[in-house]
Amino acid sequence: IHLIIGRGVTSKARVALGRDASVAHTFNLPIAPTDTPKGYSLAQKMVGKACGVDGVPPGQYCEPTMTTVGSQDTTGPMTRDELKRLACLGF
């Protein structure tokens with residue numbers, strides 16, 4: 001998780017400094033598998049949609065865009081605390 005956050009922060013800092021967002025010279029970026037399946041399962045399509053691709057085959061790395069965080073606990077203060085721990089600080 002620290003590597004994912006570090007890569008994201010570095011990319012945003014480069015843009016803020018007027019540079020391109022590429023961090024390939026600093027971080028080893030994941031390589032997509034060469035063999036792609038003929039179709040994707042529903043789960044692969046759902047994850048792919050969050051990653052901006054049609055589907056994610058087994059073994060492929062992607063970083064989905066997080067839009068919501070769910071919680072099974074619905075007791076109010078406990079949910080708030082859980083969301084804060086997950087870095088959703090604007091509860």
Side-chain angles (χ1 to χ4, degrees):
I1 296 223
H2 300 294
L3 178 61
I4 294 169
I5 293 169
R7 193 168 46 231
V9 169
T10 302
S11 179
K12 289 177 184 176
R14 289 182 57 82
V15 170
L17 294 171
R19 300 182 178 177
D20 65 328
S22 175
V23 292
H25 64 283
T26 307
F27 296 94
N28 291 329
L29 300 178
I31 300 171
T34 55
D35 57 330
T36 56
K38 296 181 188 221
Y40 298 105
S41 69
L42 180 58
Q44 290 171 315
K45 290 178 184 177
M46 291 170 66
V47 174
K49 183 175 181 181
C51 293
V53 295
D54 291 335
V56 179
Q60 181 177 351
Y61 174 85
C62 75
E63 293 178 18
T65 302
M66 299 296 288
T67 55
T68 58
V69 175
S71 175
Q72 184 177 0
D73 179 22
T74 57
T75 59
M78 291 176 71
T79 301
R80 179 199 61 223
D81 295 343
E82 183 177 341
L83 292 174
K84 283 183 178 180
R85 282 194 302 271
L86 292 171
C88 296
L89 302 175
F91 182 74

- Task: Mark yes or no for whether Arg14, through its side chain, and Ala21, through its backbone, hold a donor-acceptor pair below 3.5 Å.
- Result: no

- Note on the structure: In short, Ser41 meets Gln44 closest at the heavy-atom pair N-OE1, 2.7 Å

- Should Val53 and Tyr40 be regarded as members of a common hydrophobic cluster, given that ILVMFWY residues are connected when their side-chain heavy atoms come within less than 4.5 Å of each other, either directly or indirectly? no

- Can any side-chain N or O of Thr10 pair as donor or acceptor with the backbone N or O of Gly6 at less than 3.5 Å? yes

- Could you pull out the closest heavy-atom pair between Val47 and Cys62, with the gap in Å? CG1-SG, 3.8 Å

